[in-house]
Novice: 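What follows is a structure written as structure tokens; I'll ask about it next.
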Amino acid sequence: MTYRLGVLDGDGIGPEIVPAAVRVLDAGLAAAGADPVEWVPLPVGAAAIETHGNALPDVTVETLDKLDGWLLGPHDSASYPAEHRARLNPSGFLRKHFDLFANIRPARAFEGTPALVPGLDLVVVRENTEGFYADRSTYRGTGEFMPTKDVAIAMGIFTRPAIERIARQACELALRRSRHLTIVHKANVLRTTTGFFLEICREVAADYPQLDVDDFHIDAMTVHLVRRGADFDVLVTENMFGDILSDLTGELAGSLGIAPSINASYDRAMAQAAHGSAPDIAGRGLANPTAMIASGAMLLDWLGLSEAAGLVNQGLRATVADGTRTADLGGTASTSEFAEAVIGALT
């Protein structure tokens with residue numbers, strides 16, 4: 001079959017790294033002898049505000065509903081006009097609208113790069129639809145409100161079905177890796193909410209006797225990752241903790257520029273680099289496209305195009321090992337030069 005995948009460039013460095021990723025993914029598919037995919041460009045972000053009056057136009061959402069998956073570039077919603085900043089940002093809306101409950105964020109050091117934790121190779125499995133992210137914790141609205149001008153409240157929601165499904169995803173992933181699952185929580189203080197998360201994760205993990213299961217408080221986990229991050233394999237945690245930990249692990253691996261992720265439900269997935277839009281370097285050819293390329297490879301793997309995904313990842317690692325690197329990894333290659341070098345490694 002021919003897969004149809006959306007392409008949403010986004011803001012800042014997005015229009016540089018997303019097209020670079022598309023070129024590399026096409027090369028990976030060709031190298032694997034797979035059929036090419038059909039790429040469907042769609043408006044999003046600041047450019048969409050200018051052309052459609054909305055950072056995430058209805059036509060984009062309606063089209064995505066008919067596709068097999070998509071690449072989403074970073075957005076700079078903080079710079080949008082005030083009336084657009086008040087809405088859910090494009091990423092948050094899409095995760096909530098399509099129930100993309102599993103945010104899978106690997107962190108793996110590259111050979112020869114200055115990783116803060118050499119040998120780091122783990123995956124943060126982040127529950128993506130509720131928890132302490134108030135923008136995704138209610139059916140309608142954002143879960144944040146002010147009952148008076150002097151009081152601001154954010155709701156954190158934890159439900160058994162959401163915890164069970166993310167725990168099972170994490171257990172299945174751990175089975176395919178080193179069979180070590182770590183549950184991250186704050187049950188000593190947030191006993192009812194993250195204590196509930198810990199309890200249910202343990203219940204689900206009991207169905208996987210092959211796994212070595214442990215757990216840590218979120219504050220202690222940050223210390224353990226810095227001191228001995230290479231000892232961990234799969235971390236499962238709630239939404240906000242997972243967002244923070246995955247930024248930490250990406251930097252520990254060498255740079256947020258190499259931190260990929262995928263947001264998935266049972267029937268669709270969105271590839272999205274873990275980093276932001278980096279407006280300070282936008283348009284200068286300095287951005288590292290690795291995270292976007294690797295996120296795209298995760299999408300190919302999710303679609304069942306595992307050989308192509310594996311070749312793309314091998315090409316990325318071979319390119320970096322050969323000394324072609326962007327500035328964040330100590331090199332001088334531009335965004336396009338790096339992408340072309342990866343393509344060269346695939347052909």
Side-chain angles (χ1 to χ4, degrees), residues 6-19 21 42-58 60-61 64 70-98 100 103 105 124 126 128-138 140-146 149 152-156 239-251 255-261 263 270-289 291-292 295 327-328 335:
V7 182
L8 295 80
D9 285 350
D11 303 318
I13 60 174
E16 298 167 78
I17 62 172
V18 174
L42 294 167
V44 73
I49 293 175
E50 293 184 8
T51 58
H52 293 73
N54 193 335
L56 193 63
D58 290 344
T60 296
V61 179
L64 291 177
W70 59 90
L71 306 182
L72 175 65
H75 53 74
D76 185 17
S77 53
S79 69
Y80 296 167
E83 65 270 25
H84 297 281
R85 291 198 304 271
R87 305 170 185 170
L88 278 177
N89 64 50
S91 173
F93 180 91
L94 292 173
R95 296 180 195 202
K96 184 173 181 178
H97 180 78
F98 290 107
L100 304 177
N103 188 198
R105 293 189 167 190
V124 176
R126 169 191 177 195
N128 215 16
T129 63
E130 52 182 37
F132 290 122
Y133 252 73
D135 68 341
R136 282 159 237 167
S137 64
T138 58
R140 181 175 297 167
T142 67
E144 286 190 310
F145 58 97
M146 294 185 69
K149 66 181 181 62
I153 298 174
M155 294 188 295
N239 207 338
M240 186 174 291
F241 293 169
D243 192 16
I244 295 168
L245 283 182
S246 58
D247 275 9
L248 171 62
T249 56
E251 194 64 26
S255 167
L256 272 178
I258 64 173
S261 80
N263 305 267
M270 173 173 76
Q272 179 186 27
H275 60 70
S277 62
D280 56 320
I281 62 170
R284 299 167 58 189
L286 298 175
N288 187 348
M292 196 70 240
S295 299
D328 59 316
T335 306

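Residue indices begin at 1 and follow the sequence shown. Please read these numbers as outputs of a predicted model, since none were measured by experiment. Just so you know, these numbers use all the heavy atoms, side chains as well, and skip hydrogens, waters and symmetry mates.
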Novice: Who are the side chain to side chain donor-acceptor pair (under 3.5 Å) partners of Asn239, not counting sequence neighbours?
Specialist: Arg126

Novice: Mind checking side-chain contact (heavy atoms from CB on, under 4.5 Å) for Leu88 and listing every partner two or more places apart, or none if nothing turns up?
Specialist: Phe93, Lys96, Asp135

Novice: side-chain contact (heavy atoms from CB on, under 4.5 Å) with Ala271: which residues, sequence neighbours excluded?
Specialist: Leu71, Ser295, Leu299

Novice: Roughly how far, to the nearest 0.5 Å, is CG of Asn263 from CG of Asn103?
Specialist: 4.5 Å

Novice: Would you mind reporting whether Ile153 and Met146 have side-chain heavy atoms less than 4.5 Å apart?
Specialist: no

Novice: Give, for atom CE of Met155 and atom CZ of Phe145, the distance between the pair rounded to the nearest 0.5 Å.
Specialist: 6.0 Å

Novice: Go through the structure and list residues passing side-chain contact (heavy atoms from CB on, under 4.5 Å) with Ala78, not counting sequence neighbours.
Specialist: Asp76

Novice: CZ/Arg95 to CG/Asn128 distance, rounded to the nearest 0.5 angstrom?
Specialist: 4.5 Å

Novice: Rounded to the nearest 0.5 Å, what separation is found between the CZ atom of Phe98 and the OG1 atom of Thr129?
Specialist: 15.0 Å

Novice: Between Val7 and Leu42, is a side chain to side chain contact (heavy atoms under 4.5 Å, CB included) present by the stated rule, with each step listed?
Specialist: CA-CA 6 Å; Val7 182; Leu42 294 167; over 6 Å; no

Novice: What distance do Leu94 atom CG and Leu8 atom CG have between them, rounded to the nearest 0.5 Å?
Specialist: 7.5 Å

Novice: Going through the distances and angles, do Arg87 and Asn54 end up as a side chain to side chain contact (heavy atoms under 4.5 Å, CB included)?
Specialist: CA-CA 10 Å; Arg87 305 170 185 170; Asn54 193 335; 3.6 Å; yes

Novice: When you check the side-chain N and O atoms of Tyr80 and Asp11, is any donor under 3.5 Å from an acceptor?
Specialist: yes

Novice: Out of curiosity, Leu72 CG to Trp70 CH2, how far, rounded to the nearest 0.5 Å?
Specialist: 9.0 Å

Novice: Decide yes or no on side chain to side chain contact (heavy atoms under 4.5 Å, CB included) for Thr335 and Asn288, but give the supporting numbers first.
Specialist: CA-CA 6 Å; Thr335 306; Asn288 187 348; over 6 Å; no

Novice: Taking the side chain from Thr60 and the backbone from Pro43, do they hold a donor-acceptor pair closer than 3.5 Å?
Specialist: yes

Novice: Ser91 and His75: side chain to side chain contact (heavy atoms under 4.5 Å, CB included), yes or no, with the steps?
Specialist: CA-CA 8 Å; Ser91 173; His75 53 74; 3.2 Å; yes

Novice: Keeping Glu144 on the side-chain end and Ala152 on the backbone end, is there a donor-acceptor pair under 3.5 Å?
Specialist: no

Novice: Considering all heavy atoms of both residues, which atom of Ala273 and which atom of Ala291 are nearest to each other, and what is their separation?
Specialist: CB-CB, 3.7 Å

Novice: Please name the pair of heavy atoms, one in Ala55 and one in Ile49, separated by the smallest distance, quoted to 0.1 Å.
Specialist: N-CG1, 3.5 Å

Novice: Specify the closest pair of heavy atoms between Arg105 and Ser246, including all atoms of both residues, with the distance to one decimal.
Specialist: NH1-OG, 2.7 Å

Novice: What are the two closest non-hydrogen atoms of Glu16 and Gly283, and how far apart are they?
Specialist: OE2-N, 2.6 Å

Novice: What heavy-atom pair brings Pro74 and Ile17 nearest, and what distance separates the two atoms?
Specialist: CD-CD1, 4.0 Å

Novice: Write down the atom of His275, the atom of Leu256, and the distance for their closest heavy-atom approach.
Specialist: CD2-O, 3.4 Å

Novice: Can you list every pair that meets side chain to side chain donor-acceptor pair (under 3.5 Å) and has a residue in residues 276-286, with sequence neighbours left out?
Specialist: none

Novice: Under 3.5 Å, side chain of Ser261 to main-chain N/O of Gln272, donor-acceptor pair present?
Specialist: yes

Novice: Taking side chain to side chain donor-acceptor pair (under 3.5 Å) as the definition, give me every residue that meets it alongside Ser255, ordered by chain and number, with sequence neighbours left out.
Specialist: Asp328

